[in-house]
Amino acid sequence: DRAAGVVCCPTSGYEATFAAYVYCIALFTTSVFLVAQMRPLRFMTRVAVGLTGALALGAAASVLQDPLYPTRVLYTHTTSLSGPRSTAALIGRLYATWLLTSGSVRIVAAVRYGSVACRLLAALTYVIALAHFYTEVFWFGTLSLHPAGRLPIIVASCCLGLLFLDAVST
């Protein structure tokens, strides 16, 4: 794939998952200590929202290249997708559409961070992602808590926490 010029998704390996996990924890704990100082917290929140938007766009590109990626990496405990592959591909394309939409909203929110409506829409994308992944883990049981399954929950909760801390501190 590398010889053909295909760019791999940065969130596909365990190393990238661990790095993103450490990044989110460091970013969140650092921001907790900086609540009294508005500027660094606002900058870090803006950067975190923009980075998660860019990562979502990169993940959407990899899912569009390989629509079965979510069934192999994230939804490993499901048996209903093992039958017709067209259903799994459809679900993969729907997941890519969500990643494109949420990533675009997050990038716009990072660029236009002064707009309260943009920040609320970005927070809404994190709430929807948290609700989706929590129900997949605890309600439906189709998502296991391996590193690739934990990453969306960790990133969404850290960024939602940063947005909340930034809103409270201003």
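Each residue takes its place number in the sequence, starting with 1.
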I'd like to know if [Y] and [X] are part of one continuous hydrophobic network [Ile/Leu/Val/Met/Phe/Trp/Tyr, side-chain heavy atoms within less than 4.5 Å].
{"X": "L160", "Y": "V137", "result": "yes"}
{"X": "L100", "Y": "L94", "result": "no"}
{"X": "L51", "Y": "I107", "result": "no"}
{"X": "L99", "Y": "V127", "result": "yes"}

Problem set entry | With sequence neighbours excluded, residues passing side chain to side chain contact (heavy atoms under 4.5 Å, CB included) with Y134 | L130, F138, I153
Seminar exercise, completed: Correct closest heavy-atom pair for G92 and V63 would be O-CG1, 3.0 Å
For this session: For residues 51-71, pull every pair meeting salt bridge (charged side-chain N to carboxylate O under 4.0 Å, His left out), keeping only residues two or more places apart or in separate chains.
Result: D66-R72
Problem set entry | Pairs touching residues 43-59 that satisfy salt bridge (charged side-chain N to carboxylate O under 4.0 Å, His left out), sequence neighbours left out | none
Would you give the length of the straight line joining atom [atom1] of [X] to atom [atom2] of [Y], rounded to the nearest 0.5 angstrom?
{"X": "R42", "Y": "L163", "atom1": "CZ", "atom2": "CG", "answer": "10.0 Å"}
{"X": "L165", "Y": "M44", "atom1": "CG", "atom2": "CE", "answer": "9.5 Å"}
{"X": "C159", "Y": "D166", "atom1": "SG", "atom2": "CG", "answer": "12.0 Å"}
{"X": "F43", "Y": "T45", "atom1": "CZ", "atom2": "OG1", "answer": "10.5 Å"}
{"X": "R150", "Y": "F133", "atom1": "CZ", "atom2": "CZ", "answer": "14.0 Å"}

For this session: Identify which one of V108, V49, V111, V105 satisfies the side-chain contact (heavy atoms from CB on, under 4.5 Å) criterion when paired with C118.
Result: V108
Exercise. Which pairs with one or both residues in residues 97-108 pass side chain to side chain donor-acceptor pair (under 3.5 Å), sequence neighbours excluded?
Worked result: R106-T125
Problem set entry | Under 3.5 Å side-chain donor-acceptor pair for Y126 and S157 | no
Exercise. Judged by atom type as modelled, is there a donor-acceptor pair below 3.5 Å linking the side chain of R119 to the main-chain atoms of A109?
Worked result: no
